[in-house]
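What follows is a single structure, written as structure tokens, with notes after it.
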Amino acid sequence: MCGIVGGITNKNITPLLLHGLKLLEYRGYDSSGLIVLSKNSSFDRARSVGKVYKLEKNINSRKKPILGNIGIAHTRWATHGEPSNLNAHPHISKNSVSVVHNGIIENYLELKNLQLKQGYKFSSDTDTEVIAHAIDFELQSNISLIESVQKAVSSLEGSYGLGIVSSSFPDRIIATRKGSPLLIGISENGNYIASDQMALLSETKKFIFLE
Ligand code: GLU
């Protein structure tokens, strides 16, 4: 189980995500990644195996910077699927939903078989990817993002701390947990989520610890 940081701010979120990931490095991890929802509501994702400075190098070497006010980031400690770029979080379903996850989904094979029948394509060997597809599936019935997440997580067995963004809802971030820590940080400049308050202390000292 590793680290999550995310948020919505009135400035570019990428430096805050990278800074937060660095503060979570003490926990040990094998890869990291982040995703930002750009102004035109498309996902811009970067993932790297190894230390967060490699992710930072990857991001800084891009011709087009990763810019946006909303994003989620993760340091991964692999439980299902080897440490690799493809298995690193965030995971995406159909350019519609993106998820970072701490924990283990015990019934992921059952869900994966169902989702393959529903026509979903898998691009990782993780247990996490089923969560993104399950939320996308619920979104098809034109309900809100929070309702879709509530329905999707009711099918999950195991433990999770989740940060979720959707390109159809570019003004929100959903956080939910069961058995993995997650908190919300509040400030005048934005609202944040993290698996550990350490990641957000430079932004705020005001936290809501999710039960
Ligand atoms: N089970 C997930 C994976 O292997 C999340 C691992 C974690 O908590 O970092 O990708």
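Both ligands and their constituent atoms are indexed starting at 1 by order of listing.
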Practice task
Could you tell me whether the side chain of I72 reaches within less than 4.5 Å of the side chain of I173, counting heavy atoms only?
Solution key: yes
Problem - Contact atoms of ligand 1, heavy-atom distance to C2 under 4.0 Å - result: 7 (C), 8 (O), 9 (O)
Practice task
Pull out every atom of ligand 1 sitting under 4.0 Å from any heavy atom of N102, numbered as shown with elements.
Solution key: 8 (O)
Handout entry: Heavy-atom side-chain contact between I70 and P170 under 4.5 Å
Key = no
Handout entry: Closest to atom 2 (C) of ligand 1 among T126, N87, I131, D127 (heavy-atom distance)
Key = D127
Practice task
Would you please indicate if the ring centroids of H133 and Y120 are separated by under 6.0 Å?
Solution key: yes
Exercise for the section: Mark yes or no: K94 above the aromatic ring of F137, with NZ or CZ under 6.0 Å from the six-membered ring centre and no more than 45 degrees from the axis. Expected result: no
Handout entry: Residue part near ligand 1, for T79, under 4.0 Å between non-hydrogen atoms
Key = both
Fill in the blank from the handout: All heavy atoms of Y108 vs all of T126, minimum pair found to be CD1-O, 4.0 Å
Completion exercise
Looking only at heavy atoms, the pair that brings S167 and S41 closest together is CB-O, 3.2 Å
Exercise for the section: Determine, using heavy atoms of G103 and all atoms of ligand 1, whether some pair is separated by less than 4.0 Å. Expected result: yes
Exercise for the section: Using a strict 4.0 Å cut-off to heavy atoms of H74, name the atoms of ligand 1 that fall inside it. Expected result: 9 (O)
Completion exercise
Note: heavy atom closest to atom 6 (C) of ligand 1, options W77, Y160, Y29, belongs to W77
Exercise for the section: Under 4.0 Å from a heavy atom of H80: give me the atoms of ligand 1 that qualify, with their elements. Expected result: 4 (O)
